[in-house]
Amino acid sequence: MAVAVYPGSFDPVTYGHIDIIERASRLFEVVIVAVFSNPDKAPLFSVAERVEMLRESCAYLPNVEVDSFAGLQIDYARRRNARVIVRGLRAFIDFDYELQMAQMNKKLEPHVETVFITTSSNYAYVSSRIVKEIALFGGCVEGLVPDSVGRRLVDVLRRAKRDAGQSP
Ligand code: ADP
């Protein structure tokens, strides 16, 4: 059975990610979307929130599971008996890092293949970072993230401003 893992930060999930997940779900029997808990990054959303948003957004895809992990993605793939790691490629700037990562993973575990799915052109410019920037400055994120994610972005940014001592 072809199990694929799609690891990422998903802080938060965007329509660019969902496009990759949906297309991967047509290629593999099971797709495990795995939220990476990275101690080096200061995410906007907790791992639990990111998992919840992904679950809501992917509920219409029956062969997609959402999970989280810490540590090396290749160890996680091994634990889940996955033969494939899926990654999305947007533009040339993604390529260098992704190639290095795929080759390192191959060295660590030769039985796991990395499969790249290229972005649909209408999502090539969408990234979690840009979506957060737009929301931070009060811009509209409609069409970039699911509506429920957009609402959570507004809430979490309001909360962050309040915690920083600014008015809501
Ligand atoms: P980001 O914060 O850049 O959105 P993530 O770590 O959440 O990155 O991304 C997980 C994976 O999804 C990576 O392989 C990344 O290249 C891919 N990805 C992110 N956004 C898109 C998009 N708009 N189209 C295709 N792939 C994407």
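For this chain, numbers begin at 1 and follow the sequence in order. We count ligands from 1, going down the list as the structure has it; atoms in each ligand are counted the same way.
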F10: partners by ring pair (Phe, Tyr, Trp, His ring centres under 6.0 Å), with sequence neighbours left out: Y6, H17
For F36, all residues meeting ring pair (Phe, Tyr, Trp, His ring centres under 6.0 Å), sequence neighbours excluded: F69
Within 6.0 angstrom of D96 CG, more than 12 heavy atoms from elsewhere: no
Neighbouring residues of ligand 1, heavy-atom cut-off under 4.0 Å: Y6, P7, G8, S9, F10, G16, H17, I20, R87, G88, R90, D94, E98, T119, Y123, V126, S128
Euclidean distance, Y123 OH relative to L144 CG, rounded to 0.5 Å: 9.0 Å
Salt bridge (Lys or Arg N to Asp or Glu O under 4.0 Å) contacts touching residues 117-131 (sequence neighbours left out): R129-E133
Salt bridge flag under 4.0 Å for residues D19 and R23: yes
